[in-house]
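Just so you know, these numbers use all the heavy atoms, side chains as well, and skip hydrogens, waters and symmetry mates. Numbered from 1 within each chain, the chains take letters A, B, ... in sequence-line order.
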Amino acid sequence: MRVLYMGTSEFAIPALNHLNTHDFEIIGVVTQPDRPSGRGKKLNPPPIKKIALEYDITVFQPEKVREPEFVTLLKQLAPDVIVIAAFGQLLPQTVLDIPPCGVINIHPSLLPKYRGAAPIQWALINGEKETGVSLMVLDAGEDTGDIICTERLQIALEDTAETLLQKLAEIGAGLLVDVLGNITKGQPPQATPQKHEDATQAPRLTKDIGHIDWNESAYTVHSLIRGTSGWPGAYTYYNDGSLLKIIQSMPHEDKIKEKEVTAKKQPGTVTITSDKQLYVETGLGQIQLLKVQPATKKIMDATDFVNGYQLKTGDSFSNS
RNA sequence: CGCAGGGUAGAGCAGUCUGGUAGCUCGUCGGGCUCAUAACCCGGAGGACGUGGGUUCAAAUCCCACCCCUGCAA
């Protein structure tokens, strides 16, 4: 069976790996063009491109898949099925019609929940306890196609956007291999329509979403830190108004660590315990900061930050 | 040539403007106190101050070049 793979980000990598190790015939990988990114705006390839080249798979990087020339090229490739994961472009109906076995999409949420570009991040930000992966038959809408299968996954308190992405990508890869294997054996997938009335949206994140509001509960702040990890990152400002990214945290809503943090204080107020742990008061409970990153510095343990920047109990983080 | 900050002991930082004995908070090692401790007290080890050149009696500090790291922006 001739499989054409479309994907761009890290999430797309495990599925490609599995397809390769299970000896599916991968006739090509379609991804976004190299874009200027990083410091100095150098041209950088999408993560999936490197993997594809290692496997000696032909890589296509059309500016827009809907361009007539590229659609023609796709028809000539004659794929039996197209698999798409975190690709970044919507496919027009003319492309959806090409493969006889349809276009299968791997989406990291329990559809119809969290349709859109950032389902993993939003599930975390909203403090969900559970998420999952859905395989669906792609249609012209945004993540509105019929569902082939889903697999659930509990979200751990320590999970971040990065760890969860990795787990879900692996799950999705497993599901995909099963489904394609069945197709090869002549068992086309049974797809059932989504309950569209239950749909929620998970739009692409923006910079300001990472802005921490210390009046929220410790769990909500923790969720924001987890959900925005990687990009755009959760941030606040300390004493002299400099930016501080919060990389890793742990909430303590009901468990008061020591008598040092029992006194009710203004949200954003810092407490340094005798063993140099860093706690911040929130609207409900305290949150312990584990890893932080001051602007223009590397990621460091909170203790190192406290030592080097001479942080004291009573200092505070603020919104500007 | 997108904008900006940085490289000083194992970690995180001060010192650089105004050149003159290498500092802070930790960690680590040894000792002490304690029923006990990540707490407290005493003591020790550990630095080519990113690299190369220049100025000077003297450079972490001033000048030039280069390497590496990071935030912003995309």
Side-chain angles (χ1 to χ4, degrees), chain A residues 7-12 31-50 61-64 86-89 116-118 121 158 160-162 165 203-213 221 224-252 255-263 269-280 286-320:
Chain A
T8 298
S9 68
E10 301 286 337
F11 180 76
T31 189
Q32 301 269 24
D34 294 2
R35 305 266 190 220
S37 66
R39 202 176 310 119
K41 66 170 187 181
K42 288 183 282 285
L43 214 56
N44 284 318
I48 193 79
K49 183 178 181 182
K50 186 163 163 258
Q61 296 181 279
E63 193 61 43
K64 288 194 168 105
F87 176 49
Q89 291 186 34
Q121 289 88 335
E158 297 81 15
T160 65
E162 287 137 320
L165 177 142
R204 185 172 298 283
L205 297 185
T206 56
K207 202 75 191 194
D208 54 307
I209 290 173
H211 196 146
I212 293 172
D213 179 358
V221 173
L224 183 71
I225 291 166
R226 297 189 295 157
T228 57
S229 73
W231 198 90
Y235 56 94
T236 187
Y237 298 89
Y238 60 95
N239 294 345
D240 65 350
S242 302
L243 185 80
L244 182 72
K245 284 193 170 188
I246 312 299
I247 307 300
Q248 193 183 86
S249 62
M250 187 52 65
H252 296 273
K255 188 178 91 183
I256 304 300
K257 179 151 195 308
E258 296 180 21
K259 57 176 182 290
E260 300 169 81
V261 291
T262 51
T269 303
V270 166
T271 297
I272 310 297
T273 61
S274 52
D275 54 339
K276 297 276 182 180
Q277 302 296 313
L278 173 56
Y279 289 80
V280 184
Q286 292 80 34
I287 186 166
Q288 180 181 11
L289 306 188
L290 299 174
K291 288 186 190 299
V292 301
Q293 181 177 34
T296 80
K297 291 296 183 179
K298 293 178 185 176
I299 294 174
M300 63 183 76
D301 288 340
T303 304
D304 290 334
F305 178 67
V306 170
N307 282 334
Y309 289 75
Q310 304 287 303
L311 227 62
K312 300 178 299 295
T313 293
D315 288 350
S316 65
F317 294 133
S318 61
N319 294 331
S320 59

Comparing A:Lys41 and A:Asp304 on RNA chain B - which has the more 5′ nearest nucleotide: A:Lys41

Of A:Gly40 and A:Tyr309, the one whose closest RNA chain B nucleotide lies more 5': A:Gly40

Between [atom2] of [N] and [atom1] of [X], the distance in whole Å:
X        : N     : atom1 : atom2 : result
A:Lys245 : B:A73 : NZ    : C1'   : 12 Å
A:Leu311 : B:G12 : CG    : C1'   : 12 Å
A:Gln277 : B:A38 : CD    : P     : 14 Å
A:Ile299 : B:C13 : CD1   : P     : 13 Å
A:Arg204 : B:A74 : CZ    : P     : 14 Å
A:Lys42  : B:A73 : NZ    : C1'   : 13 Å
A:Lys312 : B:C24 : NZ    : C1'   : 13 Å
A:Asp301 : B:C13 : CG    : C1'   : 15 Å

Out of curiosity, [X] [atom1] to [Y] [atom2], how far, rounded to the nearest 0.5 Å?
X        : Y        : atom1 : atom2 : result
A:Ile299 : A:Phe305 : CD1   : CZ    : 14.0 Å
A:Arg35  : A:Asn44  : CZ    : CG    : 12.5 Å
A:Thr206 : A:His211 : OG1   : NE2   : 12.5 Å
A:Lys297 : A:Leu244 : NZ    : CG    : 13.0 Å
A:Ile209 : A:Arg204 : CD1   : CZ    : 11.0 Å

When the [atom1] atoms of [N] and [M] are considered, how many whole Å apart are they?
N     : M     : atom1 : answer
B:U61 : B:G7  : C1'   : 15 Å
B:G6  : B:C62 : P     : 12 Å
B:C66 : B:G43 : C1'   : 44 Å
B:A22 : B:G15 : C1'   : 9 Å
B:C57 : B:G2  : C1'   : 46 Å
B:A59 : B:C40 : P     : 41 Å
B:U16 : B:G23 : C1'   : 14 Å
B:A45 : B:C63 : P     : 36 Å

Minimum-distance nucleotide to A:Met300 side chain [options: B:A74, B:G2, B:C13]: B:C13

Enumerate the protein-to-nucleotides 25-29 of chain B contacts in which both atoms are nitrogen or oxygen and the separation is below 3.5 Å.
{"from": "B:U25", "atom 1": "O4'", "to": "A:Gln310", "atom 2": "NE2", "distance (Å)": "3.4"}
{"from": "B:U25", "atom 1": "O2'", "to": "A:Lys276", "atom 2": "NZ", "distance (Å)": "3.0"}
{"from": "B:U25", "atom 1": "O2'", "to": "A:Asn307", "atom 2": "OD1", "distance (Å)": "2.9"}
{"from": "B:C26", "atom 1": "O2'", "to": "A:Asn307", "atom 2": "ND2", "distance (Å)": "3.2"}

Touch class at under 4.0 angstrom, heavy-atom based, for A:Lys207 against every strand present: sugar-phosphate

My understanding is that a pair needs two contacts under 3.5 Å, Watson-Crick or G-U wobble. By that rule, which nucleotide pairs with [N]?
N     : answer
B:G2  : B:C72
B:C66 : B:G50
B:C13 : B:G23

Shortest non-hydrogen contact from [X] toward [Y]:
X        : Y        : answer
A:Gln89  : A:Gln32  : NE2-OE1, 2.9 Å
A:Ser229 : A:Glu162 : OG-OE1, 3.1 Å
A:Pro62  : A:Thr31  : CD-O, 3.7 Å
A:Tyr235 : A:Leu243 : CD1-CD1, 3.6 Å
A:Leu278 : A:Val270 : CD1-CG1, 3.4 Å
A:Pro36  : A:Leu43  : N-CD1, 3.5 Å

Distances under 3.5 Å only, N/O to N/O: pair up the protein atoms with those of nucleotides 66-70 of chain B.
{"from": "B:U70", "atom 1": "O3'", "to": "A:Gln293", "atom 2": "NE2", "distance (Å)": "3.3"}
{"from": "B:U70", "atom 1": "O2'", "to": "A:Lys297", "atom 2": "N", "distance (Å)": "3.2"}
{"from": "B:U70", "atom 1": "O2'", "to": "A:Lys297", "atom 2": "O", "distance (Å)": "3.0"}
{"from": "B:U70", "atom 1": "O4", "to": "A:Arg39", "atom 2": "NE", "distance (Å)": "3.1"}
{"from": "B:U70", "atom 1": "O4", "to": "A:Arg39", "atom 2": "NH1", "distance (Å)": "3.2"}

Parallel, tilted or perpendicular, as decided by the 30° and 60° cut-offs, for the rings of A:Tyr279 and A:His252: tilted

Kindly give the atom pairs (protein nitrogen or oxygen, nucleotide nitrogen or oxygen) under 3.5 Å for nucleotides 33-37 of chain B.
none

Flag for A:Thr273-A:Asp275: side-chain donor and acceptor within less than 3.5 Å: yes

